[in-house]
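Sequence lines set the chain letters: A, B, ... in the order given, protein chains first and strands last, and positions in each chain run from 1.
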Amino acid sequence: MGVTLDKEARQGLTLLSPTALYALLMLAAPLAMVVTFSFWTQNYLDIDTTLTLDNYREAWSKPIYQVLMMRSLRISLMVTVVTVLLAFPIAYYLSFHVKKRKALWLFLITVPFWTSYLLRVFLWKVILGFNGVLNTALMQVGLIDEPLTFILYNSNAVVLTLAHAWAPFAILPIFVALEKIDRSLLEAAEDLGDGPVRRFFRITLPLAMPGVIASTLIVLIPTVGDFITPRLVGGTDGLMIANMIQIQFGKANNAPLGAALAISSMVIVAAISLVIYLVGKKMGGRTE
Amino acid sequence: MTATDTNDIIVLSDVTKTFGTFQALKGINATIREGEFFSLLGPSGCGKTTLLRMIAGFDEPTTGAIEIDDKPMAGISANKRPTNMVFQSYAIFPHLSVAENVGYGLKTRKMPKTEIAAEVDKALEMVDLRGLGNRSAHELSGGQRQRVALARALVMKPKVILLDEPLSALDKKLRDQMQVELRSLQQSLGITFILVTHDQEEALIMSDRIAVMFEGEIAQLDSPEGLYRRPRTKRVASFIGVMNFLSAKLTREDAETLTIQIDALGEITVPRDIAPEGLTPSEVDAIGIRPEMLTVLMDDTDTAERTVEGSITGTSYYGDMTYYEVKLPGDGDPVTISMRNTAGRSVLPAGSKVSVGWGAESIVLFE
Amino acid sequence: MTRLGKYLSARWLAVYAVVYMLFLYAPVVLLPLFAFNDATIISFPLTGFTTQWFTVLWETEALHAAVRNSAIVAISTAVLSTTLGACAARAAARYKFPGKRPVMGFIMLPLVLPEIIVAVSLLVLLMQLGMSLSLWTVILGHILICTPFSIAILSSAFQGLDNSLEEASFDLGETRWGTFRRVILPLVMPGVVSSLLICFTISLDEFIIAFFLTGTDVTLPVYIWSQLRFPTKLPSVMALGTILLALSVILLIMAEWFRRRSAKKQGIEASAGGFM
């Protein structure tokens with residue numbers, strides 16, 4: 001029914017065109033530009049437009065970049081695992097045990113996320129610092145005699161801070177997936193003899209898998225590109241590839257190398273994401 | 001202009017509609033008379049809703065013409081046509097009150113507020129919703145929403161009201177009640193109603209005339225009684241009610257009569273005029289007979305014009321009625337016979353040998 | 001036995017949920033504490049109550065400029081993203097056309113793309129075009145990341161819009177424009193307001209894109225970043241953060257309230273967690 005396909009398609013495309021055009025000009029074109037840039041070279045202010053793989057050679061062979069890249073991936077994967085593992089019970093609790101005021105809970109979970117990211121990261125520094133909130137509190141209680149130093153200016157601090165920053169992004173997809181599960185399926189599993197634990201692993205978890213995969217990817221991909229958290233709480237051992245990208249585009253004034261680093265890290269993250277997606281799909285999650 | 005011309009409110013000439021490669025309507029010709037309750041009946045996908053939407057002006061025919069009130073409708077959009085629609089989903093504006101919904105179209109016509117209020121009250125009264133004007137849309141029950149949708153169309157005083165499966169969302173009891181109400185409202189107002197439905201019972205109860213549609217074509221356009229008693233094709237016959245088909249062939253014909261050999265019932269001679277228009281007698285391969293036109297003879301006091309011996313293979317008890325499956329002579333499928341459970345009539349078990357009574361005037365010929 | 005197990009697991013989950021919420025709110029709670037603390041260093045124990053840090057804010061000219069800049073950026077971003085978002089959400093909800101999924105997917109891409117990639121690629125393009133960095137370049141970037149949020153919010157508003165409502169209006173004699181004004185607009189208005197507020201909030205807080213694309217006129221987060229280096233400025237940054245936090249929460253509550261009203265108007269049960 002409805003109007004003929006052609007007319008409808010035309011109207012739809014016309015309506016979508018401003019937004020699509022914007023994305024084309026401001027996203028597709030710049031991304032294409034970055035790719036092109038990564039094959040150029042720069043000496044101070046002069047840009048040499050001869051196509052070359054030099055930047056990639058440098059990005060993939062120099063130890064500093066290798067170290068930063070490996071560390072970025074390690075930290076991002078750790079952040080992802082920690083965030084999703086911490087988020088799952090909350091999503092489960094909200095979906096299965098909270099009967100009233102679910103929306104209020106969700107609202108409360110999202111509120112901290114809407115405060116300035118910069119300040120939140122900074123406040124973690126205040127909490128974890130040598131004279132910070134945590135150390136002062138622990139010393140006052142008498143649990144420790146001198147301030148803990150392993151909690152700030154290293155990758156642990158980065159993982160903790162990012163796990164905090166991405167919490168709502170991890171909780172919501174899992175919550176949505178859990179909400180979609182038909183409760184009679186769980187009763188059916190119980191009726192067929194499954195205990196709560198077996199039921200969880202045979203029914204709940206596989207059905208929640210699309211949500212778990214979604215939150216894994218939503219957390220993993222952007223964290224690789226974060227440079228504020230490493231800069232503020234990471235110390236020298238916590239710096240990540242994005243800091244290097246920022247430096248190349250800034251102080252080092254070598255945008256082509258920065259572009260090559262950015263593209264390289266995106267390709268690696270995309271590859272890892274694809275693997276996670278496929279593995280997750282195999283584990284029973286039919287991700288839409 | 002002849003008298004019949006002025007009586008026709010809608011004329012459909014060779015209307016076709018194609019969606020991509022799919023032909024939704026294959027040349028519809030029909031006239032709808034002023035003041036009648038007309039139904040488009042058919043299974044889903046037969047094109048009935050497409051046809052209704054083209055009359056309303058939401059779709060244009062691919063070829064052919066639609067005339068409403070003697071005016072060609074090509075290029076005239078829905079907001080300029082003298083028709084109003086009651087949508088299947090009712091399409092009650094959720095942000096407006098009942099009164100604002102009903103008065104929506106009048107406001108478009110720039111009618112003064114006091115007049116709108118008076119018209120709205122009248123319309124609400126007509127549909128039995130007096131005093132509910134201030135209710136908001138989401139406080140209404142399904143039946144009330146249906147009434148609001150109807151009042152919203154009625155208040156426009158259109159030439160034709162189009163109803164797209166208006167009762168399909170209601171439960172059985174409410175639907176039965178609304179069928180009667182809609183019919184009596186239509187009769188008292190004298191406005192032309194065009195109803196789209198897939199429910200044959202609904203169409204039979206409410207309509208003056210029914211167009212039965214299959215696959216984009218009108219299979220038969222007739223009064224309810226005509227459709228039921230003289231279905232022209234086997235498909236129409238089995239779509240409307242239950243029909244027993246028995247294989248048969250023509251053995252003799254003359255100017256006045258046809259003689260037909262029915263496998264299960266033997267040879268009969270019937271007057272030529274019981275054959276539907278356009279039927280070629282030599283092509284007849286089956287006769288149809290409705291379950292209520294057959295009788296299971298309970299004892300010697302029951303009589304019938306003709307009888308045939310059979311055995312009951314199945315019994316379904318419905319309270320007021322009993323349905324028997326009876327195997328007749330020959331190798332056809334058992335026929336269905338419905339019997340009213342009147343006083344003193346017992347229910348026979350499967351396996352009983354019975355006499356089945358029938359009459360020659362109740363058979364329908366099919367080719 | 002199983003009942004006991006169930007009781008225990010529910011119990012533990014509740015405890016876990018409370019601990020988790022404490023973790024989520026730990027840094028947020030500190031913000032006002034230090035903003036009103038009468039000390040120049042950000043550490044415990046608290047030494048006394050003062051509002052002097054707010055007074056300092058009042059007297060800092062550079063901050064006022066940053067606030068003005070951020071307001072310009074956030075308002076422009078909100079209006080433009082919501083406009084673009086409305087077009088896309090309506091097109092996706094109402095029409096069927098080839099290529100809808102990939103195009104929509106691409107428009108939504110900034111939602112998962114690291115912001116540094118968005119920022120860097122825009123920077124490269126602007127450099128190539130020879131455009132100088134200004135507030136407008138920040139707005140360009142912010143529209144890119146806010147539009148997907150706007151689409152997400154407005155999609156539910158447009159999807160809830162039954163097609164037959166428009167047809168009914170049309171059938172009752174109303175014109176296309178009249179139908180838009182009397183039926184569509186009132187029904188999606190709460191969604192539009194909610195989208196405006198969310199986009200405003202995102203733009204106001206956004207740092208990475210602003211950091212790369214801002215010229216000499218800095219936005220508020222970039223200003224805060226520059227202040228974080230100076231320990232003496234920290235208490236007043238805390239005060240500023242507190243004000244921003246209060247503002248964000250108020251805007252969020254308003255956005256949620258409008259979204260719910262929109263859902264209610266359309267007779268839909270307000271689903272939980274709407275703006276995600």
Check: In terms of heavy-atom pairs under 4.5 Å, which option from Leu244(C), Thr201(C), Ile117(C), Leu247(C) contacts chain A the most?
Finding: Ile117(C)
Check: Taking the side chain as C-beta and beyond, is there a heavy-atom pair between Phe97(C) and Arg10(A) under 4.5 Å?
Finding: no
Checklist line | Top contributor to chain A contacts, counting heavy-atom pairs under 4.5 Å, from Val249(C), Leu109(C), Ile202(C), Leu84(C) | finding: Leu84(C)
Check: Between Leu108(A), Val224(A), Ile245(A), which residue shows the highest count of heavy-atom pairs closer than 4.5 Å to chain C?
Finding: Leu108(A)
Margin query: So Leu16(A) and Met104(C), do their side chains get closer than 4.5 Å, heavy atoms only?
Written below: yes
Next item on the list: State, with a plain yes or no, whether a side-chain heavy atom of Tyr22(A) is found less than 4.5 Å away from one of Leu144(C).
Entry: yes
Margin query: Does Leu13(C) form a side chain to side chain contact (heavy atoms under 4.5 Å, CB included) with Phe96(A)? I'd like the steps, not just the answer.
Written below: CA-CA 10 Å; Leu13(C) 275 172; Phe96(A) 285 86; over 6 Å; no
Checklist line | Structural part of Leu251(C) lying under 4.5 Å from a heavy atom of chain A | finding: neither
Notebook entry, point to check: What part of Ala92(C) is in contact with chain A, defined as an atom under 4.5 angstrom from a non-hydrogen atom: side chain, backbone, both or neither?
Noted result: neither
Check: So which of Ala262(A), Ala259(A), Pro89(A) has the biggest tally of heavy-atom pairs under 4.5 Å with chain C?
Finding: Pro89(A)
Checklist line | Parallel, tilted or perpendicular: rings of Phe212(C) and Phe249(A) (30°, 60°) | finding: perpendicular
Check: Do you know the tightest heavy-atom contact between Gly241(C) and Leu119(A)?
Finding: CA-CD1, 3.2 Å
Next item on the list: Start with the C-alpha distance between Trp12(C) and Tyr93(A), add both sets of side-chain angles, then the distance that settles side chain to side chain contact (heavy atoms under 4.5 Å, CB included), and finish with yes or no.
Entry: CA-CA 10 Å; Trp12(C) 281 114; Tyr93(A) 177 71; over 6 Å; no
Notebook entry, point to check: Which of the residues Leu86(A), Leu160(A), Val98(A) is involved in the greatest number of heavy-atom pairs with chain C at under 4.5 angstrom?
Noted result: Leu86(A)
Next item on the list: Under 4.5 Å heavy-atom distance to chain C, tell me which part of Tyr92(A) shows up: side chain, backbone, both or neither.
Entry: side chain
Margin query: Under a 4.5 Å cutoff for heavy-atom pairs, which residue among Ala91(C), Pro27(C), Gly85(C) has the most contacts with chain A?
Written below: Pro27(C)
Next item on the list: Over all heavy atoms of both residues, which pair between Phe106(C) and Ala23(A) is shortest? Give the atoms and the distance, please.
Entry: CE2-O, 3.5 Å
Next item on the list: Name the region of Leu234(C), side chain, backbone, both or neither, that has any atom closer than 4.5 Å to a heavy atom of chain A.
Entry: side chain
Item checked: CD1-CE distance between Ile116(C) and Met266(A), expressed to the nearest 0.5 angstrom -> 10.5 Å
Item checked: Region of Ala26(C) that comes under 4.5 Å of a non-hydrogen atom in chain A -> both
Check: Given side chains that start at C-beta, do those of Ile224(C) and Phe122(A) come closer than 4.5 Å, heavy atoms only?
Finding: no
Item checked: Among Val237(C), Leu220(C), Ile253(C), residue most engaged with chain A (heavy-atom pairs, under 4.5 Å) -> Ile253(C)
Check: Do the side chains of Val120(C) and Gln246(A) get nearer than 4.5 Å, heavy atoms only?
Finding: no
Margin query: Do Leu31(A) and Val118(C) have side chains that approach each other closer than 4.5 Å (heavy atoms only, starting at C-beta)?
Written below: no
Next item on the list: Would you name the heavy atoms of Pro222(A) and Val112(C) that are closest together and state the gap between them?
Entry: CG-O, 3.8 Å
Checklist line | Smallest separation among heavy atoms of Gly225(A) and Pro114(C), with atom names | finding: CA-CB, 3.8 Å
Margin query: Rounded at 0.5 Å granularity, tell me how far CZ in Arg90(C) sits from CD in Gln11(A).
Written below: 9.5 Å
Next item on the list: Apply side chain to side chain contact (heavy atoms under 4.5 Å, CB included) to the pair Leu31(C) and Arg120(A), showing each step before the final yes or no.
Entry: CA-CA 9 Å; Leu31(C) 209 50; Arg120(A) 261 183 296 147; over 6 Å; no
Note to self: Between Val111(A) and Tyr25(C), is there a side-chain heavy-atom distance shorter than 4.5 Å?
What the structure shows: yes
Next item on the list: Determine whether the aromatic ring centres of Trp124(A) and Phe23(C) lie less than 6.0 Å apart.
Entry: yes
Note to self: Report which part of Glu179(A) has an atom under 4.5 Å of a heavy atom belonging to chain C: side chain, backbone, both, or neither.
What the structure shows: neither
Next item on the list: Tell me, out of Thr83(C), Leu228(C), Thr147(C), Ile151(C), who's got the most heavy-atom pairs with chain A below 4.5 Å.
Entry: Leu228(C)
Item checked: Gap between atom OG of Ser121(C) and atom CD1 of Ile263(A) - 0.5 Å precision -> 8.5 Å
Next item on the list: Using a 4.5 Å cut-off on heavy atoms from C-beta on, say whether the side chain of Tyr117(A) contacts that of Glu115(C).
Entry: no
Margin query: Nearest 0.5 Å, please: how far is CH2 in Trp225(C) from CG in Leu118(A)?
Written below: 6.0 Å
Next item on the list: Mind ranking Ala255(A), Ala32(A), Pro30(A), Ala242(A) by heavy-atom pairs under 4.5 Å with chain C and telling me who comes out on top?
Entry: Pro30(A)
Notebook entry, point to check: Going through the checks in order, is the side chain to side chain contact (heavy atoms under 4.5 Å, CB included) test met by Leu113(C) and Ile221(A)?
Noted result: CA-CA 7 Å; Leu113(C) 216 53; Ile221(A) 300 172; 5.7 Å; no
Next item on the list: Give, for atom CE of Met26(A) and atom CG of Leu125(C), the distance between the pair rounded to the nearest 0.5 Å.
Entry: 6.5 Å
Next item on the list: Side chain from CB out, backbone as N, CA, C, O: work out which of these in Ile171(A) comes under 4.5 Å of a heavy atom of chain C, or both, or neither.
Entry: side chain
Checklist line | Largest heavy-atom contact set with chain A, pairs under 4.5 Å, which of Val28(C), Val103(C), Ile143(C) | finding: Ile143(C)
Notebook entry, point to check: Any idea which of Ile109(A), Ile218(A), Leu232(A), Thr223(A) has the most non-hydrogen atom pairs under 4.5 angstrom with chain C?
Noted result: Ile109(A)
